[in-house]
Chemist: 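Got a structure for you, questions after.
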Amino acid sequence: MSQLLDNLNPEQLAAVTLSPQHALILAGAGSGKTRVLITRIAWLLQNGYCSPQGILAVTFTNKAAKEMLTRLSAMFPVNTRGMWIGTFHGLCNRFLRAHFRDAGLPQLFQILDSGDQLAAIKRLLKALNVDDEKFPPKDLQHFINGQKEAGIRPAAVEAWDDYTRRRVELYVEYEAQCQREGVVDFPELLLRSYELLERNEPIRRHYQGRFRHILVDEFQDTNVLQYRWLSLLADGGREGGASLFCVGDDDQSIYRFRGAEVGNMRDFEKDFKVGSVIRLEQNYRSHGNILDAANALIANNSKRLGKQLWTDRGAGEPIRVYEAFTDTDEARWVVEEIQSLVRDGMSRADIALLYRSNAQSRVLEHQLFSSGIPYRVYGGLRFFERQEVKHALAYLRLIANPDDDTAFTRVVNFPTRGIGARSLEVLGDAARTWNTPLYQTVPHLTGKPGAALAQFVALIERLRQETANLRLHEMVDHVIEVSGLRAHYKAEKEGQERLENLDELINAAANFSAELGAGEVPGEHGSTLAEFLAHASLEAGDHQADVGMEAVQLMTVHAAKGLEFDVVFLSGLEEGLFPHENSALELDGLEEERRLMYVAVTRARQRLYLSFTQSRMLHGQVRYNLRSRFLEEIPDGLLKWLTPPNPRRSFVSEPSTRYYNPGASKPAAPSMPPPPPQKSRDLGGLSIGQSVRHARFGDGVIVSAEGSGNDARVQVKFAEAGSKWLMLAVAKLIPV
DNA sequence: TAATCGTTGGTTTTT
DNA sequence: CCAACGATTA
């Protein structure tokens with residue numbers, strides 16, 4: 001007991017030992033929020049406030065959920081089985097499996113991941129003969145998911161124009177298709193769960209009675225539906241309902257673009273009459289200068305709940321700033337700096353290269369590669385998203401649920417068995433006529449295509465029978481073999497890696513049943529298989545780790561959230577890139593970018609490098625940008641310039657020849673590249689940062705430029721008219 | 001049915 | 001510039 005609370009600071013202690021009540025914990029970066037969350041659970045259990053069955057703890061990622069489970073069992077001997085700890089989607093899946101009938105779902109319903117969902121929508125549009133130029137599948141997917149995540153079914157969508165009305169019709173059709181096929185997409189997992197709880201009183205009562213303490217991680221990332229779901233489970237804060245313990249940081253809210261609603265924090269405070277907002281502001285990660293920079297930066301945001309990080313570990317090193325000529329030079333400098341760090345004994349794995357957008361990794365990778373520095377890029381294809389794995393899973397899905405048309409279409413002709421587009425069209429038409437899933441439509445067909453399709457159906461039936469008494473991994477193995485997938489990839493010249501991945505899938509199946517417990521009964525194939533398939537959809541797998549590889553870590557700032565490194569390089573600190581130009585179009589977009597910058601800065605433990613370039617290759621064109629305003633928002637005293645600091649102006653107006661002053665600054669990059677070409681003439685005497693007047697748009701400032709000669713365009717931010725790109729050859733811009 | 005060519009668009013992303 | 005996708009061609 002005493003051990004449990006050892007070494008907690010006063011605020012952490014207060015949060016952990018709060019008497020059962022609704023609470024909002026504002027947990028700053030590196031303030032030990034996970035520890036608080038876990039210790040809170042242990043404390044509640046240890047002091048008999050509730051049993052493990054009474055705990056519901058929810059996270060966003062599987063990684064976080066797993067960490068919570070492991071650390072909890074390490075901290076405190078408890079049967080974690082009874083607790084509901086998992087992701088929103090994982091828990092909703094569990095809930096829907098338990099109540100599939102009441103939820104109106106088949107017992108073995110399948111889960112569509114985003115890719116599957118997109119494929120399903122494409123198929124739908126084709127079947128309905130909808131012009132996918134007018135209704136791009138991706139947009140429709142976004143629309144549908146957006147509605148679902150706001151808790152809105154088609155009937156409740158406010159559609160005032162024809163376009164929206166048509167999209168709502170397609171939303172209806174899409175729902176019907178999913179229902180027919182017995183599949184559920186990600187947002188549907190949540191919405192179904194929510195609706196079932198809402199409308200089924202016995203079930204609602206049961207869960208409201210069961211869960212006494214609901215704990216939420218990364219609360220600032222919840223969307224509207226998730227908050228309503230939590231709220232419902234906690235009986236809206238009424239007497240006798242569960243206590244909601246929400247941990248989050250509004251300053252680290254960086255997922256509004258995917259539906260996160262920071263406003264949930266304020267709403268929660270109000271709706272649940274939260275008496276105690278506890279701030280965790282002591283940071284155990286970074287040195288003072290880094291925190292000061294982060295604090296200064298985020299102070300520029302207006303809509304904050306308010307928080308100030310501090311540390312007792314001393315100021316540490318200054319933040320190093322480097323101005324490069326081009327993106328290539330920037331990358332070159334980063335690599336040299338890394339080499340020097342490694343020479344001094346720094347481990348490569350403790351160094352991170354962060355950037356705003358994935359496209360920026362290319363140059364960095366190139367330089368790292370040619371210097372022979374091992375590196376690892378996060379955020380590519382994940383294991384369960386690989387095509388060979390998806391193919392194998394599709395066969396398994398058909399065994400579990402033949403109505404799954406997405407799976408059917410995926411493998412009906414893979415490996416090829418003479419079923420072409422023509423046959424599938426016939427089949428699709430027939431399916432519509434009979435209103436049956438593709439699989440069930442096959443027997444209705446006659447003729448040659450019918451025969452080939454019948455063979456495919458026979459194959460699936462055969463697989464189902466032959467695997468009925470096998471254990472999961474044997475089943476997977478058998479399916480890979482008999483379906484012809486293994487032979488197919490064996491024959492393919494580049495198929496070796498794919499074969500290995502298929503073997504890995506068999507391993508994954510074996511591990512899965514092992515973890516599930518020894519209780520697996522052969523022949524009960526349904527449920528184990530369905531659970532494995534759900535697992536594959538819900539947990540696409542870690543971004544493959546090169547185990548033991550001492551490698552520099554490359555990732556976007558988004559991907560870095562929650563991580564920390566001794567040394568962080570943040571490159572591309574330029575207007576238009578970071579903050580990203582598109583952010584200017586969105587309401588409060590700049591504040592979100594600033595939070596993103598805040599996240600980036602607070603990743604560093606000891607040393608932080610910030611860099612920007614004068615010119616950068618983007619979309620095949622050289623662009624000239626101002627350095628990021630975020631740089632200006634960090635107090636000068638915290639910065640150490642590795643290149644001479646300039647007034648915030650582009651080289652266009654002020655050629656930076658002074659960089660060539662040989663003795664100017666000692667860390668000047670050893671291989672100083674030639675200066676970028678002077679483009680000032682191309683801008684017709686204008687320069688970035690300059691104020692101009694336009695006859696129609698009024699006064700503004702040139703923010704960036706691209707192209708040259710006749711194609712030269714400048715982006716002008718007008719006081720009244722907003723931001724515009726103007727062709728210099730066309731627009732008359734008068735310097736003011 | 002596979003290979004090749006041309007077009008298009010290019011923040012951020014977990015489940 | 002360059003990757004991903006769709007349409008066309010052998």
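The chains referred to below are lettered A, B, ... by the order of the sequence lines, with proteins before strands, and numbering in each begins at 1. The structure displayed is predicted, hence computed values, not measured ones.
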Chemist: Would you kindly give the CZ-to-P distance between R422(A) and dT1(B), to the nearest whole Å?
Modeler: 10 Å

Chemist: Measure CG/L585(A) against C1'/dT12(B) and give the value in whole Å, please.
Modeler: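 That distance rounds to 15 Å.
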
Chemist: So what does F88(A) touch, heavy atoms closer than 4.0 Å: a base, only the sugar-phosphate, or nothing?
Modeler: nothing

Chemist: Figure out the CE/C1' separation between M555(A) and dT14(B), and round it to whole Å.
Modeler: 16 Å

Chemist: Hey, what's the ring geometry for F532(A) with H535(A), parallel, tilted or perpendicular (30° and 60° as the breaks)?
Modeler: parallel

Chemist: Is the glycosidic torsion of dT12(B) within 90° of 0, making it syn, or is it anti?
Modeler: anti

Chemist: Quickly work out the N413(A) CG to dA2(B) C1' distance and round it to whole Å.
Modeler: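 That distance rounds to 12 Å.
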
Chemist: Scan E575(A), E574(A), E581(A) and name whichever one has a salt bridge (charged side-chain N to carboxylate O under 4.0 Å, His left out) with R623(A).
Modeler: E581(A)

Chemist: In plain terms, say whether D132(A) and K126(A) are close enough for a salt bridge, that is, a side-chain N and a carboxylate O under 4.0 Å apart.
Modeler: no

Chemist: Pick out the pairs of N or O atoms, protein on one side and nucleotides 8-11 of chain B on the other, that lie under 3.5 Å.
Modeler:
{"unit_1": "dG10(B)", "atom_1": "N3", "unit_2": "H619(A)", "atom_2": "ND1", "d": "3.4"}
{"unit_1": "dT11(B)", "atom_1": "O4'", "unit_2": "H580(A)", "atom_2": "NE2", "d": "3.3"}
{"unit_1": "dT11(B)", "atom_1": "O4", "unit_2": "E586(A)", "atom_2": "OE2", "d": "2.9"}

Chemist: L538(A) CG to dT14(B) P: how many Å, rounded?
Modeler: 14 Å

Chemist: Please give the distance between the C1' atoms of dT13(B) and dC2(C) as a whole number of Å.
Modeler: 22 Å

Chemist: For a quick check of understanding: with a heavy-atom distance under 4.0 Å over all strands, which category does G418(A) fall into, base, sugar-phosphate or nothing?
Modeler: sugar-phosphate

Chemist: Can you find an N or O donor on one side and an acceptor on the other, under 3.5 Å apart, linking the side chain of S114(A) with the base of dT15(B)?
Modeler: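 Under the 3.5 Å cut-off, the side chain and the base do form a donor-acceptor pair.
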
Chemist: Which two nucleotides bound the region of DNA chain C that has atoms under 4.0 Å from heavy atoms of chain A, read 5' to 3'?
Modeler: dC1(C) to dG6(C)

Chemist: Could you label the plane-to-plane angle of the F630(A) and F578(A) rings as parallel, tilted or perpendicular, counting under 30° as parallel and over 60° as perpendicular?
Modeler: perpendicular

Chemist: If you look at every strand shown and take non-hydrogen atoms under 4.0 Å, does D113(A) touch a base, only sugar-phosphate, or nothing?
Modeler: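 No contact.
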
Chemist: Does T87(A) have any side chain to side chain donor-acceptor pair (under 3.5 Å) partners at least two apart in sequence or in another chain, and if so, which?
Modeler: none

Chemist: I'd like to know if the side chain of D249(A) reaches the main chain of D251(A), judged simply by a donor and an acceptor atom lying under 3.5 Å from each other, with no hydrogens or angles considered.
Modeler: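 It does hold such a pair.
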
Chemist: Identify, between T87(A) and L596(A), the residue whose nearest nucleotide on DNA chain B lies closer to the 5' end.
Modeler: L596(A)

Chemist: Looking at every heavy atom in both L190(A) and C92(A), which two are closest together, and how far apart are they?
Modeler: CD2-SG, 3.7 Å

Chemist: Assign N62(A) to base, sugar-phosphate, or nothing according to its heavy-atom contacts below 4.0 angstrom with the strands shown.
Modeler: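 N62(A): backbone/sugar contact only, no base atoms under 4.0 Å.
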
Chemist: Under the 6.0 Å and 45° cation-pi test, does R382(A) pair with F384(A)?
Modeler: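 Here R382(A) fails the 6.0 Å and 45° test against F384(A).
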
Chemist: Does R258(A) place a side-chain N or O at less than 4.0 Å from the phosphate oxygens OP1/OP2 of dT15(B)?
Modeler: no

Chemist: Without decimals, in angstroms, what is the distance between L118(A) CG and dT14(B) P?
Modeler: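 Spelled out: CG on L118(A) to P on dT14(B) is 17 Å.
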
Chemist: Name the nucleic acid region contacted by F60(A), choosing base, sugar-phosphate or nothing; use a 4.0 angstrom heavy-atom cut-off, strictly under.
Modeler: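 Touches sugar-phosphate only.
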
Chemist: Are D250(A) and K303(A) within salt-bridge range, i.e. N to O under 4.0 Å?
Modeler: no

Chemist: Atom NE2 of H142(A) to atom C1' of dT13(B): distance rounded to whole Å?
Modeler: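 Value for this atom pair: 12 Å.
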
Chemist: A559(A) or I419(A): which one's nearest nucleotide on DNA chain B is closer to the 5' end?
Modeler: I419(A)

Chemist: Would you mind classifying the nucleic acid contact of K122(A) as base, sugar-phosphate or nothing, using non-hydrogen atoms under 4.0 angstrom?
Modeler: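 Here K122(A) touches the backbone only, sparing every base.
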
Chemist: Within 45° of the ring axis of F109(A) and under 6.0 Å from its six-membered ring centre, is that where the NZ or CZ of R97(A) lies?
Modeler: yes

Chemist: Rounded to the nearest Å, what distance is computed from the CG atom of residue L577(A) to the C1' atom of nucleotide dT12(B)?
Modeler: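 So the two atoms are 12 Å apart, to the nearest Å.
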
